[in-house]
Amino acid sequence: MAVLLGFQFLVLRRPIPNMRRVIAGFAYVLVGLTLFLVGLQEALFPLGKAMAQQLAALSGGGSENWLDYGWIYAFAAVIGFATTVAEPALIAVSLKAQDVSGGAVSARGLRMAVAIGVAIGVTLGVFRIITGTPLPFYIVAGYIVVVFQAVRCRKEIVPLAFDSGGVTTSTVTVPVVTALGLGLASTIPGRSPLLDGFGLIAFASLFPIMSVMGYAVVSEWMRQRGRRGAKKEEAP
Amino acid sequence: MVAPADSTPRPRDIFVRVRALLRICTGSFRDLIPIIVVVAFFQIVVLQQPFPNIERVVVGLVFVVVGLSLFVQGLQISLFPLGEGMADAFARKGSLTALLAFAFFLGFATTVAEPALIAVAAKAAEVAGTAGFISDTEVARNDYALNLRLTVAVSVGAALVLGVFRILKGWPVHYLIIGGYILVIVMTGFAPPEIVGIAYDSGGVTTSTVTVPLVAALGVGLAAAIRGRTPLLDGFGLIALASLTPIIFVLAFGLVV
């Protein structure tokens with residue numbers, strides 16, 4: 001706020017239009033942020049934590065075997081998919097993507113690709129928390145796949161794929177997913193919340209990049225195959 | 001809102017205002033619906049037990065919806081038009097120093113205000129306090145959370161400076177991103193393991209409600225103002241950089257603290 005005002009006065013030397021609206025908006029921002037933070041403590045954090053604990057208890061409590069936690073994987077996948085498909089920012093980006101790619105990528109297909117990417121990401125992230133395997137290992141492997149894909153993929157899709165990783169996690173989803181990870185890490189024996197609890201958001205941002213580039217390759221391939229099939233029919 | 005009891009009521013005015021408030025609430029509510037549906041399904045079908053403290057959670061969710069709506073609405077009527085206009089004006093003005101300075105402060109200011117980042121930083125401080133990574137006092141935790149937020153904010157500012165420079169020079173975005181990845185991998189080897197998870201998460205958290213619209217406006221405005229740059233190709237990529245640099249900076253933060 002102060003920054004914008006400073007630049008407006010010092011550098012651009014233009015008066016601010018609608019001063020009253022700006023002040024009213026600032027009041028909205030303050031009240032809104034306060035309410036949001038209270039709601040965060042009362043609802044979003046407990047929600048994620050309680051789900052993690054109840055589902056862990058359902059899946060055999062203090063078991064060390066990662067196979068015992070089936071419902072947690074299901075919950076992680078469903079929540080990753082559902083929150084992403086409904087994300088307004090993603091809908092806007094996918095429509096733009098449809099334009100840039102000249103129809104090679106459809107808006108709906110892209111949204112599905114991103115949502116499936118997030119679902120896989122969160123599920124794998126939960127698996128990592130349960131098994132307690134080190135996070136850098138997964139992320140580095142993921143980066144290598146992404147770099148390899150970026151080299152092979154059509155150039156237009158690359159910046160889009162990277163951006164779609166960033167837009168997937170909305171303000172409401174982030175606290176719930178963070179609390180889910182921390183709740184899991186504190187419930188499962190032998191996991192430290194500080195070492196194992198974080199990282200779910202990182203997975204949710206990395207996997208859409210892969211799935212979007214993968215989707216672009218697959219849809220390109222299907223289109224070419226369809227075209228070739230059509231040509232064969234025309235030939236005789 | 002207080003309804004005027006004895007003064008002449010203006011029903012249309014009130015009606016319009018209530019409708020505007022409801023409209024912004026539905027936007028935030030839409031973010032929340034999938035979570036509610038999924039959680040409700042698992043509670044009823046799988047767990048078959050009542051949710052603990054359901055009343056408090058419901059009240060809290062209402063707070064979240066109303067708070068986030070007011071927050072976004074406030075930004076939309078005041079800061080967004082201002083920021084977008086300025087991003088555009090700076091892009092056209094042509095002074096490189098002023099543009100880069102503006103890019104830095106835009107990234108910094110929007111990230112400090114990001115609600116999702118406030119949430120994660122608070123959680124990280126709480127966990128770090130309980131684990132004995134920092135001393136478990138209110139002051140130490142607030143300090144830690146604030147430092148974490150400032151680190152991320154500086155890194156987003158740096159990302160925008162780099163990204164704007166990239167758009168001006170027309171460098172391909174992959175080199176920067178691949179270079180960044182290599183740096184992340186190398187730094188992960190040195191950083192204390194306690195910070196790694198938080199660092200990776202902060203990359204995804206930064207680009208949210210406040211940052212994305214303003215950053216996108218800057219990128220697209222800039223790419224449109226410079227000849228030979230297509231808005232869609234060069235305008236993108238700022239967000240990708242803004243989610244990469246926080247990882248590097250927070251890892252560095254872990255090395256220093």
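We use all heavy atoms of the structure for the numbers below, so side chains are in, but hydrogens, waters and symmetry mates are not. So that the names make sense, note that chain A is the first sequence line, chain B the second, and so on, each numbered from 1.
At a 4.5 Å heavy-atom cutoff, A:F203 makes no contact with chain B through either its backbone or its side chain. For chain A, no part of B:A199 is nearby; none of its heavy atoms comes within less than 4.5 Å. Proximity to chain A is absent for every atom of B:V37, based on heavy atoms less than 4.5 angstrom apart. For B:I118, the part lying near chain A is the side chain, with the backbone staying farther off; criterion is any non-hydrogen pair under 4.5 Å. At a 4.5 Å heavy-atom cutoff, B:I182 makes no contact with chain A through either its backbone or its side chain. In this structure, chain B has no heavy atom under 4.5 Å from any part of A:I144. Neither the backbone nor the side chain of A:A185 comes within less than 4.5 Å of any heavy atom of chain B. Contact annotation for A:I79: both backbone and side-chain heavy atoms come within less than 4.5 Å of a heavy atom of chain B. The contact between A:V146 and chain B is made entirely by side chain atoms (from C-beta outward), counting heavy-atom distances below 4.5 Å. Looking at A:V176, only its side chain comes within 4.5 Å of chain B, counting heavy atoms on both sides. Within the 4.5 angstrom heavy-atom criterion, atoms from both the backbone and the side chain of A:L40 approach chain B. Heavy atoms of B:L241 lying under 4.5 Å from chain A are absent altogether.
The distance from the CZ atom of B:R56 to the CD atom of A:Q41 is 10.0 Å, given to the nearest 0.5 Å. Interatomic distance, B:S243 OG to A:I201 CD1, rounded to the nearest 0.5 Å: 12.5 Å.
Most heavy-atom pairs under 4.5 Å with chain A: of the set B:Y181, B:F63, B:Y200, this distinction falls to B:Y181. Of the listed residues (A:A43, A:A179, A:G181), the one with the most heavy-atom contacts under 4.5 Å to chain B is A:A43. The candidate from B:I247, B:I177, B:T110 with the greatest count of non-hydrogen atom pairs under 4.5 Å with chain A is B:I177. Looking only at heavy-atom pairs under 4.5 Å with chain B, the residue among A:V177, A:L182, A:T34 that has the most is A:L182. Heavy-atom pairs under 4.5 Å with chain B were tallied for A:V31, A:T178, A:L47; the largest tally goes to A:L47.
With a 4.5 Å cut-off on side-chain heavy atoms, B:V196 and A:P136 count as touching.
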Checklist line | Working for side chain to side chain contact (heavy atoms under 4.5 Å, CB included), residues B:V39 and A:M51 | finding: CA-CA 8 Å; B:V39 169; A:M51 284 313 285; 3.7 Å; yes
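Here the closest non-hydrogen pair linking A:P175 and B:A119 is CG-CB, 4.2 Å. Here the closest heavy-atom approach between residue B:G67 and residue A:L35 is recorded as CA-CB, 3.6 Å.
A distance-only check finds no donor-acceptor pair linking the side chain of B:D201 to the backbone of A:F198 [under 3.5 Å].
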